[in-house]
Amino acid sequence: MKKFSLVQLVLIISALLACSPAFADSLAPFKGEKGVLKISGGTAHIPVMKEAAQKIMIMNPEIQISIAGGGSGVGIKQVGEGLVDIGNSGRKATDEEISRYQLKLYQWAIDGVAPVVNPQNKVKELTKSQMIDIFSGKVDNWKMLGGEDRNINIYTRDEASGTRAVFWKKGLDKGPITPGAHVVVSNGAMKSAIAQDPYGIGYVSVGHIDETVAPVALDGVVPTIQTVQEGTYKVARGLYSNTKGEPTGLTKKFIDFLYTPDGKKIIEKRGFIPAQ
Amino acid sequence: MKLRTLERLTVLFSWAAGLLLLSAVTLLLGYLFVKGYESVNLALIFGEAAPLRAILLQERVFNGLFPAIVGTLSLVILSIVWAIPIGMATGIYLAEYAEPRAKRVLDAFFDVLAGIPSIVIGLFGFSFAVFLHKHYSDRIGPCLLISSIALSFLVLPYIIRTTQAALEGIPRDIRLTALALGATKLQNIFLVLIPKSLAGIMSGIILAIGRCAEDTAVIMLTGAVASTGLPRSVFSQYEALPFYIYYISSQYADPAELMQGYGASIILLLLCAILFSVAYGIRKGLTHFAFYRP
Amino acid sequence: MKKCRELVAERAFLLSALASSSITVAILAFMVFMGLPLMRQGGLYQLLLKPWAPYQGSFGIYPMIMGTGAISLLSLLFAFPLSLGCSFLIGSIAPKPAGRGFRRLIELMTGIPTVIYGFVGIFLLVPIVRELFQRGSGLCILTAALVLGIMITPTMTLFFCDSFDRIPRTYLDAADALGASPVQKLLYVILPAAKNGMLNGVILSLGRAVGDTLIALMLAGNAVRVAESVLEPARTLTAHIALVIAADYESPEFRSIFACGVVLYLFTMAVTFLVRYLSFTKDTTV
């Protein structure tokens with residue numbers, strides 16, 4: 001992270017120096033730019049990416065930014081193969097990936113991964129060992145946890161998911177996830193699946209939690225963006241944007257934008273903690 | 001007496017089946033329309049942008065279906081442009097030139113092609129794009145061009161089959177008149193046989209357009225993305241209606257977005273309904289085996 | 001000059017025929033080429049009969065094959081009686097104008113986009129199935145098969161109607177002359193004579209059910225385990241391709257979806273040749 005503080009510093013200072021309306025300023029570097037920027041990967045990032053892209057494209061219609069999901073693994077692979085300009089990931093790229101693709105990592109936000117249930121579900125608190133038992137399939141009825149007498153429907157993500165990797169490592173202590181679990185393809189899909197299934201349990205980026213799903217307290221700590229920031233909720237992670245080699249041109253300007261005050265405002269609005 | 005019961009049961013069973021299918025489909029479409037009709041308006045398509053300015057490309061549309069509709073239209077047009085010449089030429093070859101043996105072999109090929117699941121064709125298109133990217137140009141990736149080529153593979157059998165069937169269905173006397181008057185085989189084909197079988201060929205083309213407009217499996221692998229705006233060139237990624245519906249169904253962020261999904265479904269449905277009624281309207285004596293596609 | 005043009009045109013037609021038929025071969029060749037390293041490495045047996053557990057290094061597609069089988073066969077089970085009844089209605093039971101109108105309607109139904117079946121299925125049928133059986137999430141084999149069944153019924157009905165239409169006029173005239181009622185004609189003349197064509201229709205519809213991606217992807221839950229009941233989630237070969245597509249191009253996960261592609265392709269080929277064989281034998285016996 002230290003690496004980028006200089007860039008941030010310069011940007012903050014330049015933003016402070018020029019005292020005109022905020023967005024015009026953060027967006028100033030995009031003036032006169034044109035071209036296409038392709039982004040894919042981490043699905044937790046999508047709301048932030050979408051809003052930033054929209055702001056930029058409204059300011060400068062010559063720029064086109066396309067945003068696709070796929071999951072962290074996909075983001076890293078696609079940027080590595082040169083299919084996209086920015087590959088997002090909700091986990092840190094492994095050393096092997098970094099050296100193989102000469103990746104540059106930019107962490108622009110802190111996020112958590114929270115277990116979620118339907119708001120109708122009475123079970124809102126679980127211990128870690130209960131969580132491990134649920135996801136391994138050992139505990140398969142909500143009655144065993146003080147809920148209704150219904151089977152637990154487990155939802156998980158595909159292998160490319162960074163959210164899955166983080167939750168599996170820090171939330172389940174690398175315990176097995178039953179192959180009988182439903183598989184969904186993104187944080188958004190996880191949220192709407194749980195919102196529709198009163199007996200489901202899954203895990204989702206903390207920034208994505210809204211009134212349609214209820215976070216489950218893990219060992220007594222309710223996962224919110226505050227507890228993640230305070231460090232009391234342990235299943236935390238960074239949100240990264242990765243480039244192949246040193247970014248240039250539009251790619252660099254886009255990443256820089258995420259570190260401007262306006263970029264940070266978007267990140268905060270979407271429920272994440274902007275990186276310091 | 002026992003047979004009478006069987007006959008009566010058959011009648012009862014048939015009406016029950018017909019009623020069941022009708023009510024299932026009515027329920028399906030009724031649910032869609034009742035839930036979604038409110039969302040169908042100009043704002044659904046153009047978001048906050050002014051419609052006229054958006055159509056003239058002076059203003060970008062966000063939160064509207066306009067880019068998806070344009071994406072689908074460009075996709076359909078491109079795919080049809082690839083598929084029509086090759087498909088028709090192949091159909092003509094099968095009907096007018098091929099020897100019985102060659103015909104039987106080629107027929108088998110096209111039957112298989114017609115049966116290949118669209119996701120497999122999508123997978124082929126995707127890996128082909130990656131292959132091109134690695135070995136030829138960095139600029140090529142999954143994009144509009146790749147999608148349209150893959151889709152043209154998908155609908156090629158429709159066009160081949162309808163062209164072939166329409167040509168073969170022409171009566172002998174019409175077929176021979178021009179030849180007897182000294183026309184060459186080629187003149188006969190282009191001046192007599194094709195104009196004569198245009199209705200059949202057109203219905204095949206329209207069905208192909210319908211398939212291109214509704215297919216999701218091919219485009220989700222070959223370049224359709226959730227958000228990008230209007231496609232700039234054939235090498236750019238694009239939005240498309242069916243992909244948008246699929247995307248919204250699993251990851252709508254709020255009820256407003258879900259309503260857009262309903263709206264998009266209604267628009268796509270109307271589009272396909274129009275295309276299919278036209279196709280069946282001008283269809284003349286072709287069997288469904290020609291249109292078969294999984 | 002004229003001759004030259006004729007020749008060029010003929011060559012051009014031949015060339016396009018060769019080009020379009022080579023697509024069929026090219027797709028198979030590509031699938032096999034991409035999937036080969038995995039097949040060689042793990043052996044065909046491993047690939048087809050092992051479970052999917054990427055973290056344990058097992059990339060078998062057995063659960064997906066079973067999922068595809070369960071969902072498509074069950075959907076056929078729903079669609080067959082429905083189609084049979086509908087084609088009876090159109091063929092002889094309903095009054096002629098009503099039958100014709102019904103047929104038009106069914107032709108239109110074949111044009112309903114698949115993604116719309118899936119979309120409505122998620123919001124309408126999934127909660128119903130969940131509450132009706134008080135088990136599971138509603139995203140399961142049964143839901144997917146129900147929707148898939150409704151989707152393939154129009155096509156299957158039209159296949160059946162076509163095979164009814166191809167029965168020689170003389171058969172029907174003979175039945176009429178003997179004073180058979182429409183139902184009797186249907187049961188004792190049309191049905192036995194159209195048996196082969198109907199079998200074709202069933203096989204082609206099975207091909208369609210197996211090849212469908214969207215409905216299973218959206219409604220079946222995509223779990224990678226062989227389901228024990230129809231209320232459990234399952235993943236089909238097609239949905240597996242859609243889910244894993246985006247992985248690393250060198251990884252065994254990515255290779256495995258080409259194995260799925262090969263399996264689907266070979267299945268298509270089997271269906272096609274079976275249908276061709278059946279039509280051929282029918283032509284020689286009738």
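Every chain is numbered from 1 and lettered A, B, ... according to where its sequence line falls, protein lines coming before strand lines.
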#### Entry: B/Thr10 versus C/Ile93, closest heavy-atom pair with distance
O-CD1, 4.1 Å
### Query
Between B/Tyr262 and chain C, which part of the residue has a heavy atom less than 4.5 Å away: side chain, backbone, both or neither?
both
### Query
Which residues satisfy the side-chain hydrogen bond (donor to acceptor under 3.5 Å, both in side chains) test with C/Lys185, sequence neighbours excluded?
C/Asp176
### Query
How about residues 13-20 of chain C versus chain B: which residues have heavy atoms under 4.5 Å apart?
C/Phe13, C/Leu14, C/Ser16, C/Ala17, C/Ser20
### Message
Does any backbone or side-chain atom of B/Leu269 lie under 4.5 Å from a heavy atom of chain C? Answer side chain, backbone, both or neither.
### Response
both
#### Entry: Within-4.5 Å side-chain heavy-atom neighbours: B/Glu7 and C/Tyr188
yes
### Task
Nearest 0.5 Å please: distance from the CD1 atom of C/Ile257 over to the CG atom of B/Leu123.
5.0 Å
### Task
Drop me the distance from B/Leu113's CG to C/Thr24's OG1, to the nearest 0.5 angstrom.
4.0 Å
### Portion of C/Ala94 that has a non-hydrogen atom of chain B nearer than 4.5 angstrom
both
### Query
chain C: which of B/Cys272, B/Ser277, B/Ala17, B/Gly122 shares the most heavy-atom pairs with it under 4.5 Å?
B/Ala17
### Query
Using non-hydrogen atoms only, which part of B/Tyr244 is less than 4.5 Å away from chain C: side chain, backbone, both, or neither?
neither
### Exercise: identify the closest heavy-atom pair between C/Leu108 and B/Ala273
CD2-O, 4.0 Å
### Query
Minimum heavy-atom separation for C/Leu82 to B/Leu21, with atom names?
CD2-N, 4.1 Å
### Task
Kindly check if the number of other-residue, nucleotide or ligand heavy atoms within 6.0 Å of CZ (B/Phe128) is above 12?
no
### Message
Can you tell me how far apart CE (C/Met151) and CG (B/Leu28) are? Round to the nearest 0.5 Å.
### Response
12.0 Å
### Pairwise distance CG(C/Leu264) to OG(B/Ser118) - rounded to 0.5 angstrom
10.5 Å
### Message
Would you say that more than 12 heavy atoms from the other residues, nucleotides or ligands in this model lie under 6.0 Å from the CZ of C/Phe273, or not?
### Response
yes
### Query
Under the side chain to side chain contact (heavy atoms under 4.5 Å, CB included) criterion, do C/His240 and B/Ile119 qualify, and how do the steps go?
CA-CA 10 Å; C/His240 185 62; B/Ile119 190 94; over 6 Å; no
### Message
Taking every non-hydrogen pair under 4.5 Å, which of C/Phe267, C/Phe258, C/Phe88 racks up the most with chain B?
### Response
C/Phe258
## Note on the structure
Checking heavy-atom separations under 4.5 Å from chain C, one finds in residues 82-91 of chain B B/Ile86, B/Ala89, B/Thr90
#### Entry: B/Ser127, part contacting chain C, at a heavy-atom distance under 4.5 Å
both
#### Entry: Least distance between heavy atoms, C/Met31 atom then B/Val120 atom
CE-O, 3.6 Å
### Message
Are B/Val112 and C/Leu28 packed together at the side-chain level, in the sense that at least one heavy-atom pair is separated by less than 4.5 angstrom?
### Response
no
### Task
Under 4.5 Å heavy-atom distance to chain B, tell me which part of C/Ile106 shows up: side chain, backbone, both or neither.
side chain
### Message
Using the rule given for side chain to side chain contact (heavy atoms under 4.5 Å, CB included), can you reason through B/Phe276 versus C/Glu107, listing the C-alpha separation, both sets of side-chain angles and the distance that settles it, and then say yes or no?
### Response
CA-CA 8 Å; B/Phe276 266 74; C/Glu107 284 172 348; over 6 Å; no
### Query
Using non-hydrogen atoms only, which part of C/Leu237 is less than 4.5 Å away from chain B: side chain, backbone, both, or neither?
neither
#### Entry: Heavy-atom check, side chain of B/Phe124 versus side chain of C/Ile23, under 4.5 Å
no
### Summary
Taking a cut-off of under 4.5 angstrom between non-hydrogen atoms, the residues of residues 115-125 of chain C near chain B are C/Val115, C/Ile116, C/Tyr117, C/Phe119, C/Val120, C/Ile122, C/Phe123, C/Leu124
### Choice from B/Ile160, B/Asp107, B/Ile248, B/Leu19 maximising heavy atom contacts with chain C below 4.5 Å
B/Asp107
### Query
Hey, are the side chains of C/Thr114 and B/Thr216 touching, using non-hydrogen atoms and a 4.5 Å cut-off?
no
### Summary
Rounded to the nearest 0.5 Å, the CZ atom of C/Arg5 sits from the CG atom of B/Leu186 at a distance of 7.5 Å
### Query
Relative to chain C, which of B/Ser249, B/Gly210, B/Ala213 shows the most heavy atom pairs under 4.5 Å?
B/Ser249
### Task
Over all heavy atoms of both residues, which pair between B/Leu106 and C/Ser21 is shortest? Give the atoms and the distance, please.
CD2-OG, 3.6 Å
### Side-chain heavy atoms of B/Val25 within contact of C/Thr153, under 4.5 Å
no
## Note on the structure
Of B/Ala108, B/Ala16, B/Ala24, B/Gly261, the largest count of non-hydrogen pairs under 4.5 angstrom with chain C goes to B/Ala108
#### Entry: Taking every non-hydrogen atom, the tightest pair across B/Gln187 and C/Glu6
N-OE2, 4.3 Å
### Message
What part of B/Tyr31 gets within 4.5 angstrom of chain C, counting heavy atoms only: side chain, backbone, both, or neither?
### Response
side chain
#### Entry: C/Leu217 and B/Met220: CA distance, side-chain angles, deciding distance, side chain to side chain contact (heavy atoms under 4.5 Å, CB included) verdict
CA-CA 12 Å; C/Leu217 181 64; B/Met220 68 194 282; 3.8 Å; yes
### Task
Let me know if B/Ile92 has heavy atoms under 4.5 Å from chain C in its side chain, its backbone, both or neither.
side chain
### Task
Kindly indicate whether the side chain of C/Asp212, heavy atoms from C-beta on, has any atom under 4.5 Å from the side chain of B/Pro117.
no
#### Entry: Pairwise distance CD1(C/Ile241) to CZ(B/Phe126) - rounded to 0.5 angstrom
12.0 Å
### Task
Evaluate the criterion side chain to side chain contact (heavy atoms under 4.5 Å, CB included) for residue pair C/Leu105 and B/Leu22; output intermediate values, then yes/no.
CA-CA 9 Å; C/Leu105 214 60; B/Leu22 267 187; 3.4 Å; yes
